[in-house]
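What follows is a single structure, written as structure tokens, with notes after it.
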Amino acid sequence: MRNTLLIAASCLIISSCASTRLYNWGSYEQDLFNYYERPETQEVLIAELEENLQKQAQQGNKPAPGLYAELATLYLEKNDTGTAISYYRKEYDAWPESRPLMQKLIKNLEADQ
Amino acid sequence: MKNFMTLILCTIAFAGCANNSVKDDPLASFHASKPASILVLPVVNKSVDVMAGSSVLTTLPQLLGERGYYVFPVHTVKTLLEMEGLYEAQRVHEQPVETLASLFGADAILYVTVHSWTSKYVLIQTTTEVDLEYIITNRVGEPLYQRRQKLRYTPDSGQSNSLLDQLIVSAISAAVERADPQYIPLTREANARAFITTSNPLPPGPYSLSYEKYYATPKAD
């Protein structure tokens with residue numbers, strides 16, 4: 001009985017925590033910080049962002065603001081302009097506030113290609 | 001003449017009310033501006049700790065995003081500014097606000113300065129003292145929200161029962177701290193105190209579930 005109550009209480013706490021979060025950010029904070037401290041960890045940042053964003057898309061969740069654009073910029077650093085443009089487009093589609101900037105970036109990158 | 005006097009008195013009375021209500025709402029300019037998006041600029045770091053600025057910068061998007069704002073991607077913003085030749089955060093902060101706002105299409109701009117950041121290693125615990133300043137302005141540079149946050153932080157070494165356990169855990173946590181100070185937990189705490197757990201916290205943004213309710217409540221009375 002006591003165990004059941006404990007489990008019920010834990011579920012309540014966990015579910016109330018989950019409902020207060022708007023987005024799943026994955027390990028973005030720590031990974032970006034690590035990247036600034038040790039640039040050789042760039043691949044970890046890219047892989048974690050990509051995996052998290054794919055997972056959120058599959059589950060029909062709204063991506064956290066800015067994450068698609070961050071991924072695009074990291075691909076741009078690797079001179080992969082095509083992939084960068086496709087991720088800037090995803091940021092554009094997800095967030096109206098990003099559109100003036102994303103539009104400029106996409107236009108300039110397409111002109112360079 | 002009597003009517004004229006009444007009119008003047010009324011005007012004074014009303015003006016008095018208006019002034020009072022503005023004075024009584026410390027976030028009046030924020031409430032009038034209602035920004036939907038926040039541009040977080042690279043952080044000016046006046047401390048000797050080279051990672052202090054990065055730590056503050058990387059912990060702001062999640063906090064402000066969860067508060068209901070569109071937060072411009074901080075690494076993308078930093079990279080684009082560098083492409084424009086602006087490598088130093090100090091130089092970015094000196095740019096005209098209007099230029100930055102229109103370049104990115106932002107409603108509000110957040111300027112953060114690390115004034116100091118010092119870690120002291122006393123026996124087995126490490127304590128870090130920080131002094132951070134946060135200023136949000138609108139597109140024309142009028143301040144909407146300002147906080148100066150001084151914080152003394154000692155990493156939580158977990159909850160152990162025995163004194164010996166505690167000593168071992170503290171020794172390990174001090175060693176970890178020495179190798180790589182706990183930047184992220186510290187700046188999360190400082191940011192949260194500046195924006196959330198403060199009197200008159202940052203109002204919720206349009207994506208927050210409490211946005212409608214917040215702005216439906218009269219702000220000044």
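Quantities reported herein were computed from a predicted structural model and do not represent experimental measurements. Lettering follows sequence order; numbering is per chain, from 1.
- Using a 4.5 Å cut-off between heavy atoms, A/A69 touches chain B through backbone and side chain atoms alike.
- For B/L80, the part lying under 4.5 angstrom from a heavy atom of chain A is the side chain only.
- The residues B/R193 and B/E189 are annotated as salt-bridged, a charged nitrogen and a carboxylate oxygen being separated by less than 4.0 angstrom.
- Looking at A/L105, the atoms closer than 4.5 Å to chain B (heavy atoms on both sides) all sit in the side chain, from C-beta outward.
- For the pair A/K62 and A/Y23, the cation-pi test (distance below 6.0 Å, angle within 45°) is failed.
- Not less than 6.0 angstrom separates the ring centroid of A/Y92 from the ring centroid of A/Y68.
- Aromatic ring centres of B/F72 and B/Y70: separated by under 6.0 Å.
- Residues in residues 64-92 of chain B take part in these salt bridge (charged side-chain N to carboxylate O under 4.0 Å, His left out) pairs, two or more places apart or across chains: A/R21-B/E66, B/K78-B/E82.
- For chain A, the nearby part of B/T79 is the side chain; its heavy atoms alone come within less than 4.5 Å.
- When the candidates B/G105, B/S102, B/G65, B/S208 are compared by the number of heavy-atom contacts under 4.5 Å with chain A, B/G65 comes out ahead.
- Proximity to chain A (any heavy atom under 4.5 Å) is restricted, for B/Y69, to the backbone atoms N, CA, C and O.
- For the set B/V77, B/T59, B/L60, the entry with the most heavy-atom pairs within less than 4.5 Å of chain A is B/T59.
- Judged as a side-chain hydrogen bond (donor to acceptor under 3.5 Å, both in side chains), the pairs with a partner in residues 138-147 of chain B (not counting sequence neighbours) are, in order, B/N138-B/E142, B/R147-B/T198.
- Per-residue counts of heavy-atom pairs under 4.5 Å with chain A were compared for B/P61, B/G68, B/A36, B/A106; the largest is that of B/P61.
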